[in-house]
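Notes for the one structure printed next.
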Amino acid sequence: MLRGFLDFHRATLAMKCAGLTDEQLRRRSSPPSTLTLLGLVRHLAEVERTWFRRVINGEDLPLVWSEDGDYQAAFDLTDASSSAAFAAWQAEVEHARRIEREAPSLDVIGHQPRWNADVSLRLVMLHLIHDYARHNGHADLLREGIDGTVGA
């Protein structure tokens with residue numbers, strides 16, 4: 001059930017971005033906010049990487065777009081490539097799916113240093129469902145503002 005809901009939200013993000021030009025993916029929600037669909041894709045690549053690879057799998061690797069752990073760097077589109085962003089997000093989703101699939105149970109524990117707490121794979125999946133749901137709400141508003149498309 002957790003896998004199904006998480007995959008639903010991943011697919012929703014992809015759907016919200018489908019068929020848009022690079023310029024449309026970069027369109028800001030309400031300047032000076034840096035919130036864009038492309039920024040959300042990049043941010044969620046960081047989220048997938050952090051929670052599954054760094055926290056659950058214990059991999060010692062930097063964020064995708066920030067060597068110093070700045071999650072806001074994903075929203076800086078100065079040198080961003082749409083194709084690179086989607087490729088990174090899809091790669092991190094595949095890593096996450098593999099980690100979840102290979103885990104002996106949802107009770108596997110990892111350490112989240114930002115919370116200074118041990119967390120289970122179950123909690124990580126619930127957290128990602130929550131994070132995607134919130135950001136898909138943003139994506140829905142962004143997409144509607146771009147071309148009027150609504151719904152999931």
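Bear in mind that the values here come from a model prediction, so they are computed numbers and not experimental data. All values below were derived from every heavy atom in this structure, side-chain atoms included, with hydrogens, water molecules and symmetry-related copies excluded.
The side-chain heavy atoms of Val108 and Ser120, taken from C-beta on, include no pair separated by under 4.5 Å. At a threshold of 4.5 Å between non-hydrogen side-chain atoms, the residues Cys17 and Phe86 count as touching. By the 4.5 Å heavy-atom criterion applied to side chains, Leu6 and Glu100 are not counted as neighbours. Residues Asp76 and Thr34 fail the side-chain proximity criterion, which asks for heavy atoms closer than 4.5 Å. Within the 4.5 Å cutoff, side-chain heavy atoms of Arg122 are placed close to those of Leu2. For the pair Asp107 and Leu121, the minimum side-chain heavy-atom distance is 4.5 Å or more. You'll find the side chain of Arg114 reaches within 4.5 Å of the side chain of Tyr71, heavy atoms only. Leu40 places a side-chain heavy atom less than 4.5 Å from the side chain of His138.
Looking at every heavy atom in both residues, Asp70 comes nearest to Ser66 through N-OG, 2.9 Å. When all heavy atoms of Arg49 and Glu92 are compared, the pair lying nearest together is NH1-OE2, 2.7 Å. Scanning both residues, Ala96 and Glu48, for their nearest heavy atoms gives CB-OE1, 3.2 Å. Arg28 and Pro32 get closest at one heavy-atom pair: NH1-O, 3.6 Å. The heavy-atom pair separating Ala85 from Val41 by the smallest distance is O-CG1, 3.8 Å. The two residues Ala74 and Glu46 make their nearest non-hydrogen contact at CB-CG, 4.3 Å.
Under 4.0 Å is where a charged nitrogen must lie from a carboxylate oxygen, and between Arg98 and Glu94 no such pair does. Using a 4.0 Å cut-off between charged side-chain N and carboxylate O, Arg3 and Asp7 make no salt bridge.
The neighbour count for Phe5 CZ, taken as heavy atoms of other residues, nucleotides or ligands under 6.0 Å away, does not exceed 12. Atom CD of Glu23 has 12 or fewer neighbouring heavy atoms from other residues, nucleotides or ligands inside a 6.0 Å radius. A 6.0 Å sphere centred on CG of Asp79 holds no more than 12 heavy atoms belonging to other residues, nucleotides or ligands.
Between Val119 and the options Leu126, Ile109, Val124, a side-chain contact (heavy atoms from CB on, under 4.5 Å) holds for only Val124. Considering His9, Lys16, Arg10 as possible partners of Asn136, the one that fulfils the side chain to side chain donor-acceptor pair (under 3.5 Å) test is His9.
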Residues Leu77, Thr36; criterion side chain to side chain contact (heavy atoms under 4.5 Å, CB included); working and verdict: CA-CA 9 Å; Leu77 304 181; Thr36 64; 3.3 Å; yes
query: What's the verdict on side chain to side chain contact (heavy atoms under 4.5 Å, CB included) for Arg54 and Leu63, showing C-alpha distance, side-chain angles and the deciding distance?
result: CA-CA 9 Å; Arg54 295 172 71 180; Leu63 295 178; 2.9 Å; yes
message: Let's go through Val93 and Gln90 carefully: what are the C-alpha distance in whole Å and the side-chain angles of both, what is the deciding distance for side chain to side chain contact (heavy atoms under 4.5 Å, CB included) to 0.1 Å, and is it a yes or a no?
response: CA-CA 5 Å; Val93 166; Gln90 290 166 347; 5.6 Å; no
message: For a side chain to side chain contact (heavy atoms under 4.5 Å, CB included) check, start with the C-alpha distance between His111 and Val55, then their side-chain angles and the critical distance, and finish with the verdict.
response: CA-CA 5 Å; His111 185 73; Val55 172; 5.9 Å; no
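Between Tyr132 and Trp89, the two ring planes are tilted [angle within 30° to 60°].
Aromatic ring centres of His95 and Phe52: separated by at least 6.0 Å.
If you check the side chains of Glu59 and Asn57, you find a donor sitting under 3.5 Å from an acceptor. Side chains of His127 and His130: no donor on one and acceptor on the other come within 3.5 Å.
In this structure a side-chain-to-backbone donor-acceptor pair under 3.5 Å is missing from Arg143 to Leu37.
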